[in-house]
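Below: the structure, in structure tokens.
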Amino acid sequence: RAGAASCCKLLIQGHADSNFKDSRLRTPAMLAAIAGSSEALQVLLYTKCVDPNVGRYFEADFTLKDIQGRTAVKLASTWECKRLIWRRYLEKWALKSAAMKAVGQRLALPPLETVGHSRREQS
């Protein structure tokens, strides 16, 4: 795990796709969560990537599912990784909610299951 965050940052700066999927449809965020590398996961969740073909910016999508239907939060091996994913989820929801409120609309918080949480994990 040592140096994983620095490696992720270098790859993103070199225009690597932070949502690239391997043969099991796992993304770098999922792999960082599995490894328990909270530093690398934080870089992936908060560093904007740029698509050099269209100049569009994006971040790692923590809601993507692997071949077995699991998200990064379900695959996370440490509470710190789970906490990072949930914090980013709530931050993104708050930003979207504020934008909707500005135009007179309300945005309901989606069920926790939509980002990989299950009742079984709560107990």
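You'll find the side chain of Y46 reaches within 4.5 Å of the side chain of E91, heavy atoms only. With a 4.5 Å cut-off on side-chain heavy atoms, R24 and M30 do not count as touching. Contact of the K21 side chain with the D66 side chain is not registered, since no non-hydrogen atoms from C-beta on lie closer than 4.5 Å. Put simply, the side chain of L10 does not reach to within 4.5 Å of the side chain of S6, judged on heavy atoms. Side-chain atoms of I12 and L44, non-hydrogen and from C-beta on, do get closer than 4.5 Å to each other. Looking only at side-chain heavy atoms (C-beta outward), L45 and I85 come within less than 4.5 Å of each other.
For V73 against K82, the heavy-atom pair with the smallest separation is O-NZ, 2.9 Å. Shortest non-hydrogen contact noted between S77 and A35 is OG-C, 3.9 Å. Minimum heavy-atom separation, E80 to S38: CG-CB, 3.5 Å. P28 and S18 make their closest contact through CD-O, 3.3 Å (heavy atoms, listed as atom of the first residue, atom of the second, distance). The two residues F62 and Y89 make their nearest non-hydrogen contact at CZ-CA, 3.5 Å. Scanning both residues, V43 and C8, for their nearest heavy atoms gives CG1-CB, 4.0 Å.
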- Message: I'd like to know whether Q42 forms a side chain to side chain contact (heavy atoms under 4.5 Å, CB included) with R87, so could you lay out the CA-CA distance, the side-chain angles of the two residues, the decisive distance to 0.1 Å, and finally the verdict.
- Response: CA-CA 10 Å; Q42 185 163 1; R87 184 178 77 194; 3.8 Å; yes
- Message: Between E59 and R88, is the side chain to side chain contact (heavy atoms under 4.5 Å, CB included) condition met? List the steps.
- Response: CA-CA 11 Å; E59 298 167 343; R88 190 64 180 139; 2.8 Å; yes
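Distance check, rounded to the nearest 0.5 Å: CG of L31 to CG of D22 gives 6.0 Å.
Looking only at distances, a side-chain donor or acceptor of N19 sits under 3.5 Å from a matching main-chain atom of D61.
One hydrophobic cluster, built from ILVMFWY side chains closer than 4.5 Å, holds both I34 and L64. Note: the hydrophobic cluster containing L84 also contains L90 (ILVMFWY, side chain heavy atoms under 4.5 Å, direct or indirect links).
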